[in-house]
Amino acid sequence: MTSAPTAMTVTDTDVLRDALGLLKDREQVAERLLDSSAKHSFDPDTELDWAAPPEEGKWFWPPELVSLYDTPLWKKMSPEQQQDLSRHEAASLASLGIWFEIILMQLLVRHIYDKPVTSAHVRYALTEIADECRHSKMFARMIQWGGAPTYPVSRLNHNLARILKTISTTPGSFACTLLGEEILDWMQRLTFPDERVQTLVRGVTRIHVVEEARHVRYAREELRRQMVTAPRWERELTRISSGEAARVFSVAFVNPAVYTNVGLDRREAVAQVKASGHRREVMQSGAERLTDFLDEIGVLRGAGRRLWRSSGLLA
């Protein structure tokens, strides 16, 4: 693996290169993303049929992506209880998504605070913030539609995120953005074409996948730029903060209260999920595209890499 690049002074017109090749011009990337946003954006309030009731016998999340799938406990559950767990896990993931997107919106506002307000880069960031506002409202409405409770993250993780938002470096912010977006995106790409799943849930995931593809492109391009141009201390802090974020994210992915709410023993359910080879494979498969990318651009090194391994997301 090549050594990390040294810090450099850079303007938006400089030609930059990393392990993946030449970086594209920041303004050109933003202009393309703005064009795509104009053509492929959705209003969930009118796009989806919120008045339609849940469909009998359908899942709220593909069974293979439910945390207990293929465990001894899963095999003892009735089909109705399995589907009910999928309903609660969909609500848990939507709650996590809202929490994460509120963090992301704050990080994006910080990112553009001192940048030229008429640039396409800033205009696209504002467009993405508008997307995330709609997504958060959409997820909240989906939770209510399904009749499950909200599942906030633990007080500890809530406050850890408060600290992260305060101290995060710019590259750290984009690394954490990708962490939250790419794993859920992988799962949602399996969900929206799955006819076993509730029609409304499939609609929610379709909208999110289409619009998040732009967000991922924006974050990847900016993270590459930052890892080339940021000072060494900032790159090192990014490696550690993203690894810690991966550890928190993997723990918070499914709220253990879902097991209690479907009549299961919480401690036993958590233990079986931790021991599940299938679940480990699902999480690592969901993260693989991201971890390959982070590895290539120099994020997964040193103590940060060890934290990623401890999260269970890096094989």
Side-chain angles (χ1 to χ4, degrees), residues 29-52 54 60-61 87 89-113 117 120-153 158 161 165 173-174 176-193 197-222 249 252-253:
V29 170
E31 290 286 4
R32 291 192 190 101
L33 294 174
L34 284 165
D35 287 345
S36 178
S37 297
K39 296 173 184 174
H40 304 292
S41 291
F42 305 92
D43 179 356
D45 287 338
T46 57
E47 187 79 19
L48 302 173
D49 185 3
W50 297 100
F60 286 75
W61 203 239
R87 179 172 69 96
E89 290 204 9
S92 177
L93 285 168
S95 300
L96 182 71
I98 295 168
W99 172 70
F100 187 81
E101 287 182 336
I102 289 172
I103 294 170
L104 169 58
M105 286 186 272
Q106 294 177 70
L107 293 175
L108 278 172
V109 168
R110 280 180 53 193
H111 172 60
I112 64 174
Y113 185 70
V117 294
H121 185 75
V122 168
R123 282 195 293 124
Y124 180 73
L126 292 170
T127 301
E128 180 170 335
I129 291 166
D131 289 346
E132 300 295 15
C133 283
R134 292 194 307 274
H135 294 171
S136 295
K137 293 188 294 180
M138 175 175 70
F139 287 160
R141 198 167 182 183
M142 188 188 81
I143 294 169
Q144 288 185 309
W145 173 84
T150 56
Y151 287 98
V153 298
H158 184 80
K165 289 188 288 113
S173 297
F174 283 103
C176 291
T177 294
L178 291 169
L179 169 65
E181 289 179 339
E182 294 214 28
I183 298 173
L184 284 172
D185 179 75
W186 179 83
M187 291 187 169
Q188 289 176 336
R189 287 177 185 274
L190 296 176
T191 301
F192 79 78
V197 176
Q198 297 283 343
T199 300
L200 186 129
V201 174
R202 292 172 61 200
V204 166
T205 56
R206 178 181 61 85
I207 288 173
H208 199 247
V209 162
V210 170
E211 296 187 342
E212 285 296 319
R214 301 191 291 266
H215 303 178
V216 167
R217 171 74 185 281
Y218 184 76
R220 280 185 170 230
E221 292 291 336
E222 191 59 27
F249 186 78
F253 204 77

By side-chain contact (heavy atoms from CB on, under 4.5 Å), Arg32 pairs with (sequence neighbours left out) Lys24, Gln28, Arg217
d(Leu104 CG, His135 NE2) to nearest 0.5 Å is 10.5 Å
Whether Glu47 and Arg206 form a salt bridge (side-chain N of Lys/Arg under 4.0 Å from carboxylate O of Asp/Glu) is what I want to check. yes
Any side-chain heavy-atom pair of Leu184 and Phe253 under 4.5 Å = yes
Practice task
Compare all side-chain heavy atoms of Glu182 with those of Glu212 and state whether any distance is below 4.5 angstrom.
Solution key: no
When rounded to the nearest 0.5 Å, the distance separating CE of Met138 from CG of Leu48 is 7.0 Å
The reported gap from CD1 in Ile143 to OG1 in Thr150 (rounded to nearest 0.5 angstrom) is 6.5 Å
State, with a plain yes or no, whether a side-chain heavy atom of Phe60 is found less than 4.5 Å away from one of Val197. no
Across all chains, not counting sequence neighbours, the side-chain contact (heavy atoms from CB on, under 4.5 Å) partners of Ile103 are Trp99, Leu107, Ala161, Lys165
With a 3.5 Å distance limit and no angle check, can you tell me whether Ser41 reaches the backbone of Ala38 through a side-chain donor-acceptor pair? no
Between the CD atom in Glu181 and the CD atom in Gln188, the distance rounded to the nearest 0.5 Å is 10.5 Å
Sorted by chain and residue number, the side chain to side chain donor-acceptor pair (under 3.5 Å) partners of Ser37 (sequence neighbours excluded) come out as Arg214
Is the shortest side-chain heavy-atom distance between Arg220 and Leu178 below 4.5 Å? yes
Given the options Val209, Val204, Ile207, Phe192 meets side chain to side chain contact (heavy atoms under 4.5 Å, CB included) only with Val209
Smallest heavy-atom separation, Met105 atom then Ile129 atom, equals SD-O, 3.8 Å
For Ser173, the side chain to side chain donor-acceptor pair (under 3.5 Å) test, sequence neighbours excluded, returns Ser168
Quiz item: Under 4.5 Å between any side-chain heavy atoms of Glu132 and His215, yes or no?
Solution: yes
Working note: Arg123 + Val117, criterion side-chain contact (heavy atoms from CB on, under 4.5 Å); need CA distance, chi angles, decisive distance, verdict. CA-CA 7 Å; Arg123 282 195 293 124; Val117 294; over 6 Å; no
Sorted by chain and number, sequence neighbours left out, side chain to side chain donor-acceptor pair (under 3.5 Å) with His111 holds for His121
Of all heavy-atom pairs linking Ala148 and Ala91, the shortest is CB-CB, 3.6 Å
When rounded to the nearest 0.5 Å, the distance separating CG of Leu179 from CZ of Phe174 is 14.5 Å
*Test Asp185 against Val216 for side-chain contact (heavy atoms from CB on, under 4.5 Å), laying out the working first.*
CA-CA 10 Å; Asp185 179 75; Val216 167; 5.5 Å; no
### Query
Is there a donor-acceptor pair under 3.5 Å between the side chain of Glu211 and the backbone N or O of Phe42?
yes
Review point. Has the side chain of Arg134 got a donor or acceptor atom that lies under 3.5 Å from a matching backbone atom of Pro44?
Key: no
message: Are the side chains of Leu200 and Asp49 in contact, using a 4.5 Å heavy-atom criterion?
response: no
**Message:** When you compare the side chain of Thr205 with that of Trp61, does any pair of heavy atoms fall below 4.5 Å?
**Reply:** yes
* To do: Give a yes or no answer on whether the side chain of Thr46 reaches the backbone of Asp43 with a donor-acceptor pair at less than 3.5 Å.
  => yes
Minimal heavy-atom distance between Ala120 and Glu31, with the atoms involved, is CB-OE2, 3.7 Å
CD1 (Ile183) and CG (Leu93) are apart, to the nearest 0.5 Å, by 11.0 Å
Between Ala125 and Tyr218 the two heavy atoms that sit nearest each other are CB-OH, 3.4 Å
Exercise for review: Kindly indicate whether the side chain of Cys176, heavy atoms from C-beta on, has any atom under 4.5 Å from the side chain of Phe249.
Suggested key: no
With sequence neighbours left out, the residues meeting side-chain contact (heavy atoms from CB on, under 4.5 Å) with Asp35 are none
